[in-house]
Protein chains: 2
Amino acid sequence: MKSKRLQSAKLRSAAFKRTRADHQVEISEDYVELIAELIDEKGEARGTDIALRLGVANATVVNTLKRLQNQGLVTQEPYRAIFLTIDGWKMAEDGKRKHDIVEKFLLAIGVPEATARIDSEGIEHHVSTETLKAMARFLIRKPIN
Amino acid sequence: MKSKRLQSAKLRSAAFKRTRADHQVEISEDYVELIAELIDEKGEARGTDIALRLGVANATVVNTLKRLQNQGLVTQEPYRAIFLTIDGWKMAEDGKRKHDIVEKFLLAIGVPEATARIDSEGIEHHVSTETLKAMARFLIRKPIN
DNA sequence: GAAAATGTTTAGCATAGACTAAACTTTATG
DNA sequence: CATAAAGTTTAGTCTATGCTAAACATTTTC
Ligand SMILES: [Mn+2]
Ligand SMILES: [Mn+2]
Ligand SMILES: [Mn+2]
Ligand SMILES: [Mn+2]
C-alpha cells in the first residue's frame with residue numbers, strides 16, 4: 001500500500017510525459033503523412049493543398065514546413081512543391097500503417113465510419129507499439145462485420 | 001467518385017480540426033481530474049503535488065492554474081490550496097469516467113497494465129461519445145479476462 | 001521564537017502553432 | 001504578351017505550454 005503511494009507520482013508523471021512527447025511529434029507525423037498522400041494522389045504536394053486539407057492558414061503551413069525541413073523530414077525550394085526525405089517517407093509510411101490499424105479497429109468495435117475517421121486522427125498519436133499490436137490482433141481474430 | 005474527391009478536403013480538415021479542438025481542452029481536463037484526485041486522496045490539492053504528478057515545473061502549474069481560473073474551473077488564493085468550481089467538478093468527473101472506460105477497454109483487448117495506464121492518458125482526450133459508447137459496450141459483453 | 005526547510009509566486013525567456021494582412025512570384029487568360 | 005488570378009512567402013501578432021532562477025511566504029524544527 002505504502003509502496004504504491006510512493007511510486008504513484010512517478011508512475012503518474014510518466015504517463016503525462018509520454019503524452020507530451022507524443023504531442024511534439026504529432027504535427028510532424030500528420031504533415032508527412034498528408035504530403036505522401038498528396039504526392040500519391042496528385043503527383044506533388046503544394047502548400048495550398050496541405051493548408052486546405054489541414055484546415056489551417058497558408059502561413060501556418062509555411063512556418064511548420066520550415067521546422068520539418070530543419071528536422072530533416074522534407075526538402076523544399078521557394079515556390080516549388082514539397083518533397084519528403086528518406087526519413088520523411090519512413091515516418092509517413094509508419095504513420096499511415098498506424099493510422100489504418102487504429103481506424104479499422106474502431107470500425108471493428110462498432111464505431112460509425114465518420115466518427116472512426118475523425119477519432120483515429122487524434123488517437124493514432126497516442127497508441128504505443130503494444131496497444132497497436134493488441135488492435136492488430138483483434139482485427140485478425142474479429143474482422144469488420 | 002468525383003463527389004468523394006470534392007468533399008475530401010473538407011472531410012479531412014474536419015478531423016484535424018477536431019483533434020486541434022481536443023488539444024485545447026486536454027490540459028484543462030488533466031488538471032481538474034488530477035486536482036479532484038488529490039482532494040480525494042489527501043484532502044487538498046497543492047501546486048507542488050500537481051507539479052510532481054504532472055512532471056512539470058512549479059511555475060508551469062502556477063501559469064496554467066491562472067488560465068483555469070479565468071476559465072472558471074478552479075478557484076485559488078495566494079499560498080492556499082486549489083479548489084474546483086462546480087464546472088470544474090463536472091469536468092473532472094466526466095474526465096475520470098472517460099479515462100476509466102478507455103483504460104479498462106485497453107486492458108480488455110489485451111494491453112499490458114503499465115501500457116494501458118500510459119496510453120489511456122493521451123487517448124482519452126480524442127475519444128468521442130460514440131467511440132466511448134462502443135468501448136463501454138465491448139466491456140459489458142467481454143469483461144477483462 | 002529564530003533559523004532552516006519547504007512551498008509558492010514572479011520575472012524573464014523559449015518554442016510551437018495558430019492567425020491576418022501585405023508583398024511578391026508564378027501561371028493562366030484574353 | 002500584358003494583365004489578372006492563383007499560389008507562396010514575409011511580417012507582425014497572439015496564446016499556450018514549457019523552462020530556470022530569484023524572491024517571497026509559510027511551516028517546521030530546534
Ligand atoms: Mn493525426
Ligand atoms: Mn485523464
Ligand atoms: Mn490525459
Ligand atoms: Mn493528443
Side-chain angles (χ1 to χ4, degrees), chain A residues 9 13-35 38 42-83 121-122 125-126, chain B residues 9 13-32 34-35 38 42-83 121-122 125:
Chain A
S13 69
F16 290 120
K17 279 176 180 168
R18 237 285 308 277
T19 303
R20 289 195 294 272
D22 290 342
H23 285 155
Q24 283 214 309
V25 290
E26 172 159 352
I27 298 265
S28 305
E29 279 176 7
D30 284 342
Y31 267 72
V32 295
E33 195 182 329
L34 184 49
I35 290 166
L38 285 167
K42 312 195 157 193
E44 62 172 14
R46 315 285 322 197
T48 305
D49 292 316
I50 297 172
L52 189 69
R53 296 218 183 169
L54 287 175
V56 298
N58 251 308
T60 301
V61 171
V62 174
N63 267 343
T64 306
L65 286 175
K66 270 178 208 151
R67 187 171 59 79
L68 297 194
Q69 191 175 24
N70 290 339
Q71 291 176 348
L73 294 169
V74 310
T75 58
Q76 49 172 352
E77 283 180 77
Y79 298 96
R80 290 276 107 79
I82 292 108
F83 296 93
E121 193 60 76
H125 308 283
H126 301 286
Chain B
S13 71
F16 289 121
K17 278 176 180 167
R18 238 285 309 277
T19 302
R20 289 196 294 271
D22 290 343
H23 284 155
Q24 283 214 310
V25 289
E26 173 158 352
I27 299 264
S28 304
E29 279 177 6
D30 284 342
Y31 267 73
V32 295
L34 184 50
I35 290 165
L38 285 166
K42 310 196 158 192
E44 62 171 16
R46 316 283 325 195
T48 307
D49 292 316
I50 297 172
L52 190 68
R53 295 217 185 169
L54 287 176
V56 298
N58 251 307
T60 300
V61 171
V62 174
N63 268 344
T64 306
L65 285 175
K66 270 178 208 151
R67 186 171 60 79
L68 297 193
Q69 192 174 23
N70 290 339
Q71 292 177 348
L73 294 170
V74 310
T75 58
Q76 49 173 352
E77 284 180 73
Y79 297 98
R80 291 277 106 77
I82 292 109
F83 296 93
E121 193 60 75
H125 308 284

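Note that the coordinates shown come from a computational prediction; the quantities given were computed from them, not determined experimentally. Quick note on labels: first sequence line is chain A, next is B, and so on, each numbered from 1.
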For the side chain of I27(B), counting heavy atoms from C-beta on, which of dT10(D), dC19(C), dT17(D) is nearest?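 The nucleotide sitting nearest to the side chain is dT17(D).
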
If you check every side-chain atom of N58(B), which of dG7(D), dT26(D), dT9(C) has the closest atom?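 When the side chain of N58(B) is considered, dT9(C) is the closest of dG7(D), dT26(D), dT9(C).
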
So do H125(A) and V25(A) actually touch side chain to side chain, heavy atoms under 4.5 Å?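 Not touching, per the 4.5 Å side-chain cut-off.
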
Taking the side chain as C-beta and beyond, is there a heavy-atom pair between L54(B) and T64(B) under 4.5 Å?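 Counting from C-beta outward, L54(B) and T64(B) never come under 4.5 Å.
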
Please give, in whole Å, the distance from dT8(D) P to Q76(A) CD?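 Spelled out: CD on Q76(A) to P on dT8(D) is 11 Å.
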
Rounded distance in Å - CG (N63(B)) to C1' (dT20(D)):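 It works out to 13 Å between those atoms.
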
Any L68(B) side-chain heavy atom under 4.5 Å of Q76(B) side chain: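 No, their side chains stay 4.5 Å or more apart.
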
Which listed nucleotide (dG7(C), dT10(C), dA16(D)) is nearest to the side chain of R67(B)?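 The nucleotide sitting nearest to the side chain is dA16(D).
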
dT10(D), dT8(C), dT8(D): which one has an atom nearest the side-chain heavy atoms of Y79(B)?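 The listed nucleotide nearest to Y79(B)'s side chain is dT8(C).
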
Check whether any side-chain heavy atom of R67(A) lies under 4.5 Å from a side-chain heavy atom of Q71(A), and answer yes or no.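 Counting from C-beta outward, R67(A) and Q71(A) do come under 4.5 Å.
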
Taking NZ from K42(B) and C1' from dG7(C), how many angstroms apart are they, rounded to a whole number?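 That distance rounds to 13 Å.
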
Please pick, from dT10(C), dC19(D), dC19(C), the nucleotide with the shortest atom-to-atom distance to any side-chain atom of T60(B).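 So the side chain of T60(B) is nearest to dC19(D).
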
Mapping D49(A) and E26(B) onto DNA chain D by nearest heavy atom, which one lands closer to the 5' end?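 The answer here is D49(A).
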
Whole-Å gap separating P (dT6(C)) and CG (L52(B)):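 Rounded to whole Å, this separation is 14 Å.
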
Could you give the CG-to-C1' distance, from L68(B) to dT15(D), as a whole number of Å?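 Roughly 14 Å, once rounded to whole Å.
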
Short N-O contact, R53(A) and D49(A), less than 4.0 angstrom: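 Salt bridge absent between R53(A) and D49(A).
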
Whole Å only: how far is the CG atom of L54(B) from the C1' atom of dG18(D)?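 Rounded to the whole Å, the gap is 12 Å.
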
By nearest atom, which of the nucleotides dT10(C), dT20(D), dT8(D) is closest to the A57(B) side chain?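 Per side-chain heavy atoms of A57(B), the pick is dT20(D).
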
Which sits closer to the 5' end of DNA chain C, H23(A) or P78(A), going by the nucleotide each is nearest to?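 So the residue in question is H23(A).
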
Whole-Å distance separating the CZ atom of R46(A) from the P atom of dT25(C):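 So the two atoms are 16 Å apart, to the nearest Å.
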
Take atom CD of Q69(A) and atom P of dT8(D), then tell me their distance rounded to the nearest Å.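 The distance from CD of Q69(A) to P of dT8(D) comes to 15 Å, rounded to the nearest Å.
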
If you look at every strand shown and take non-hydrogen atoms under 4.0 Å, does V62(A) touch a base, only sugar-phosphate, or nothing?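 If one applies the 4.0 Å heavy-atom cut-off, V62(A) turns out to touch a base.
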
Between dT10(C), dG18(D), dT10(D), which nucleotide gets closest to the side-chain atoms of R20(A)?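 Nucleotide nearest to R20(A)'s side chain: dG18(D).
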
With respect to the phosphate group of dT8(D), does any side-chain polar atom (N or O) of T48(A) fall under 4.0 Å of OP1 or OP2?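 For dT8(D), OP1 or OP2 has a side-chain N or O of T48(A) closer than 4.0 Å.
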
